[in-house]
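Here is how names work: the chains are called A, B, and so on, in the same order as the sequence lines, proteins then strands, and each is numbered from 1. Bear in mind that the values here come from a model prediction, so they are computed numbers and not experimental data.
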Amino acid sequence: MAYEPDQIEGRWQRYWAEHQTFRAVRRPGHPKLYVLDMFPYPSGSGLHVGHPEGYTATDIVARHARMRGVDVLHPMGWDAFGLPAEQHAIQTGEHPRLNTAANIATFRRQLQSLGFAYDWSREVDTTDPGYVRWTQWIFLQLFRRGLAFQAEIPVNWCPELGTVLANEEVIDGRSERGGFPVVRRPLRQWQLRITAYADRLAEELEGLDWPETKAKQRDWIGRSEGAEVDFRIAGRDERLTVYTTRPDTLYGATYVVIAPDHPLTLLIASDEARDRVRAYADAAARKSDLERTALSKEKTGVATGASALHPLTGRPIPIFTADYVLGAYGTGAIMAVPAHDERDFEFAKAFSLPIVEVVCPAGRAPLADPAEAAGWDAAFTEDGVAVGSPVIDGLPTAQAKARMIDHLEREGFGRRKVQYKLRDWVFSRQRYWGEPIPIYFPVETAGDPRRGDPCTIDWSRPIAVDDGELPLLLPALEDYRPGDPEGPLVRALEWRFFQRDGQWFARETNTMPQWAGSCWYYLRFLDPRNDERIFSEQAYADWMPVDLYVGGSEHAVLHLLYARFWHKVLFDAGIVQHPEPFQKLVHQGMILGEAQVIGYRGPRGWVSLERTAEGPDEGRVDAETREPLEEVKLTEADVSRRAGLATLVADPSVRVQSVAFKMSKSRGNVVNPDHVVREFGADSLRVYEMFMGPLEQVKPWQASGIQGVRRFLDRLHRTITERVGDAPSDADTERLVDRTVKKVGEDIEHLRFNTAVSAMMILVNHLAGLEVVPRAAAEKLVLCLAPFAPHLAEELWAHLGHPPTIADVPWPSFDPALCVDDVVELPVQVNGKVRGRVTLAVDATEAAALEAALAEEAVRRALGAAAPRKVVYRAGRILNLIV
RNA sequence: GCCGAAGUGGCGGAACGGCAGACGCGGCGGAUUCAAAAUCCGCUGUCCGCAAGGACGUGUGGGUUCGAGUCCCACCUUCGGUACCA
């Protein structure tokens with residue numbers, strides 16, 4: 001009887017579905033485990049082999065926990081709003097709901113074909129009205145707490161495309177697609193006040209079992225402590241407020257810089273300077289962030305002609321505008337201290353501005369003339385001792401900062417200030433396929449705006465839709481194309497305008513971003529069919545918090561930060577009971593395409609790898625001539641590998657590159673899970689993805705690797721279907737079986753699936769060598785296999801005479817006594833080099849070990865005539881003789 | 001530049017401070033076969049050696065230790081994130 005996955009996998013999938021084997025049920029007295037996957041966006045291209053990696057890992061954890069008597073919640077759903085479906089609708093005129101439903105059906109079929117133990121009765125879809133209702137309800141919680149507000153924010157508006165573009169979609173001031181001009185224009189947007197939670201979002205990471213993601217989030221939030229300082233402007237009433245983290249260097253400020261887009265920039269510019277300032281500001285506005293930074297290392301700027309009065313000395317210092325100061329951070333203006341800030345230093349050098357030392361490194365005398373700092377090569381940005389600063393002279397930096405702030409506050413020139421890099425979250429999208437924002441506004445009109453009569457909308461008076469009217473659903477459109485900065489929904493006049501008590505109102509036509517639905521889906525899984533409440537208190541108490549959350553590190557910042565923000569708002573509203581939703585977080589590593597061997601060829605033939613360099617775009621160039629090189633895909637037969645170098649067989653002086661690239665359609669290296677399942681079976685795919693290497697690591701796909709895993713499952717199947725008998729286990733077999741059980745269990749708990757698989761391979765290799773495989777050994781092996789290869793495990797469990805389902809059978813036990821050695825091969829070292837081995841009891845005395853070692857010929861030879869000067873003995877581990 | 005992770009055979013990778021290279025792939029040899037596939041058995045880090053055996057070996061250089069892939073310092077490379085955040 002051969003192992004034929006296509007014969008058995010569908011059958012067991014149907015069995016699990018019919019018997020609702022994996023319905024999440026909470027039983028009193030049992031521990032619980034909430035194991036969550038990041039749910040996918042159901043794209044039109046179907047499942048990718050990257051998806052099953054994390055999903056298999058959580059599935060193993062869930063199935064293993066279940067076998068250990070734990071109540072498990074392991075749900076799956078769809079993050080189904082999004083641009084591709086809308087794009088499809090624009091092209092075909094078909095409602096995006098249809099395309100979305102078709103894609104979901106494909107994803108569901110593909111996931112079910114992999115045998116994941118999801119509770120499918122809890123499936124959620126973020127586009128479902130029953131889900132949208134609660135997304136909107138949460139938005140209104142934010143709105144009522146003052147955390148959702150409107151503001152005019154500059155966006156990238158492309159008039160030709162009639163749409164707003166993301167920064168990445170704008171290149172050289174033109175749209176990436178089509179190359180149409182893009183203008184920055186202010187647009188009314190909804191924002192969420194995530195900055196109000198910045199401190200808590202940073203601090204409450206502390207107790208979480210998360211990887212380096214915590215640091216990324218802290219960096220993203222970017223808290224800094226400093227001061228705002230007010231500068232009077234010579235001859236004007238306005239003041240210019242700057243933000244600094246180094247108030248101790250205030251006496252070293254020799255000029256002030258205001259961002260080109262600061263509201264005061266044009267206003268304060270002198271008449272002579274105004275044209276130049278305007279030209280500079282206009283040019284800066286057209287530059288993308290990328291151009292401003294990556295391309296131009298040189299500092300640029302222009303003098304505004306205005307002067308600021310130094311708050312402490314009263315002396316006038318020039319005000320420049322320069323794009324190295326960002327309008328959006330801090331106050332949009334800085335005091336420039338070139339002696340102690342790199343950027344200010346570069347700018348001062350370029351514009352020949354004075355550089356004055358006010359912080360002296362500990363252990364060096366202050367400059368005789370502070371202005372000699374102009375001769376430095378670089379700014380001194382570290383801590384030191386304040387000099388030339390009457391209020392704080394002689395104080396070390398930390399104290400100097402505090403004393404200066406006190407002084408500024410007392411004199412009324414400034415104040416202590418905590419600043420964040422984190423910005424408020426722009427929550428509007430001028431799109432169709434998203435949750436409508438459940439807000440409307442009063443309208444002034446003489447006619448009927450639904451017939452297109454002119455009207456004025458009062459944006460300053462947003463009104464929340466009543467909870468009872470939720471969900472506010474999307475209207476059908478005939479045409480999903482963009483065109484209006486307020487979004488395509490403006491064309492749905494019947495939907496947009498309504499009359500109540502004689503007063504006309506207009507609905508908000510912006511929709512929510514894709515992040516909205518994924519911010520809280522883990523909560524809806526608790527009680528997904530509840531149409532009275534977002535979830536019941538009992539369901540919450542049963543399952544929260546999420547114990548293990550697995551997903552890609554591309555969501556390390558945005559999704560995970562936004563979800564934590566919403567959770568905290570719900571916590572403050574008393575709706576959830578934990579300040580943090582996700583206890584333990586793991587990012588699975590990306591699966592790359594199969595490694596390819598690439599040779600580089602230029603106009604004059606092959607170019608060896610070490611003579612190539614990274615080119616301006618994707619490809620490589622000749623390091624000397626800068627000529628672009630052609631990438632030539634080679635086969636293994638073209639290449640010889642020796643001493644870590646891959647070279648051409650035809651010309652061994654040419655080194656070639658062996659690299660794995662991200663899977664992409666253009667490279668043609670995408671692996672389709674459907675094909676893998678058809679050829680090798682779902683169990684092989686699952687086991688292979690776990691065997692490839694550590695879960696968190698980036699790993700290249702290897703077709704031969706899955707072949708090897710399939711061979712392992714074949715062998716296991718053959719061993720159990722052909723060799724099992726009622727013979728008692730011999731001692732070696734019994735020990736190996738129990739050790740395997742122990743290792744597999746421990747490895748699963750630590751998410752070390754690759755070594756768990758290898759332990760099972762070792763056991764199978766051993767059992768395959770036996771005449772008769774003891775039934776008890778076979779049973780424990782199959783139970784260990786069950787979380788990894790559930791279909792095969794079910795099949796073999798039935799073959800061994802048990803009723804279904806193996807999913808409910810307790811995890812096998814092991815005898816700890818069998819898992820420790822009583823006799824070991826002890827390595828014997830002489831001066832740290834292994835010279836022999838002796839077989840000894842683990843607890844042998846040092847004298848006994850020494851005697852046994854000296855009886856070894858090889859050890860005696862290594863010792864020579866010398867007697868050991870020192871003996872290091874670790875029972876059961878090592879004997880080291882030092883001469 | 002800054003932050004983070006990682007560098008181990010031909011490849012994916014394994015190793016509580018204690019036998020480096022488990023397991024898998026690939027390769028070589030053999031069994032089976034008319035032949036092949038599949039399967040089974042053996043060998044497979046590099047170098048020297050007929051062999052016994054020996055030397056070298058975990059990115060580089062130093063250090064701690066009886067003993068370092070593992071700990072410490074400096075550096076190099078790759079990958080990920082971030083980027084004039086005052």
Among [options], the nucleotide that comes nearest once only the side chain of [X] is considered:
| X | options | answer |
| --- | --- | --- |
| A/Y324 | B/G18, B/G53, B/C84 | B/C84 |
| A/K699 | B/G13, B/G54, B/G67 | B/G13 |
| A/R835 | B/G53, B/A55, B/C84 | B/A55 |
| A/L326 | B/U39, B/C84, B/A15 | B/C84 |
| A/F691 | B/A20, B/A14, B/C23 | B/C23 |

How is [X] classified with respect to the nucleic acid when contacts are heavy atoms under 4.0 Å: base, sugar-phosphate, or nothing?
| X | answer |
| --- | --- |
| A/R869 | nothing |
| A/G708 | sugar-phosphate |
| A/Q697 | sugar-phosphate |
| A/S224 | sugar-phosphate |
| A/V698 | sugar-phosphate |
| A/P211 | nothing |
| A/D714 | nothing |
| A/R423 | base |
| A/I334 | base |
| A/D219 | sugar-phosphate |

Rounding to the closest angstrom, what is the interatomic distance between [N] and [M] at atom [atom1]?
| N | M | atom1 | value |
| --- | --- | --- | --- |
| B/U46 | B/C11 | P | 12 Å |
| B/C75 | B/A51 | C1' | 44 Å |
| B/C76 | B/G67 | P | 29 Å |
| B/C72 | B/G18 | P | 15 Å |
| B/G49 | B/A68 | P | 30 Å |
| B/U77 | B/C66 | C1' | 34 Å |

Pairing partner of B/G26 (Watson-Crick or G-U wobble, both distances under 3.5 Å):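 In the structure as shown, B/G26 has B/U44 as its Watson-Crick or wobble partner.
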
Pairing partner (Watson-Crick or G-U wobble, both distances under 3.5 angstrom) of B/A38: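 No nucleotide pairs with B/A38.
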
Syn/anti label of B/G67 as read from its glycosidic torsion, with the cut at 90° from 0: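 That one's anti.
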
Does a nitrogen or oxygen in the side chain of [X] sit under 4.0 Å from OP1 or OP2 of [N]?
| X | N | value |
| --- | --- | --- |
| A/N754 | B/A22 | no |
| A/R711 | B/G26 | yes |
| A/K417 | B/A86 | no |
| A/S704 | B/G12 | no |
| A/K216 | B/G81 | no |
| A/R874 | B/C66 | no |

Mutual orientation of the aromatic rings belonging to A/Y324 and A/F347 [parallel < 30°, tilted 30-60°, perpendicular > 60°]: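 Rings of A/Y324 and A/F347: tilted, as their planes differ by 30° to 60°.
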
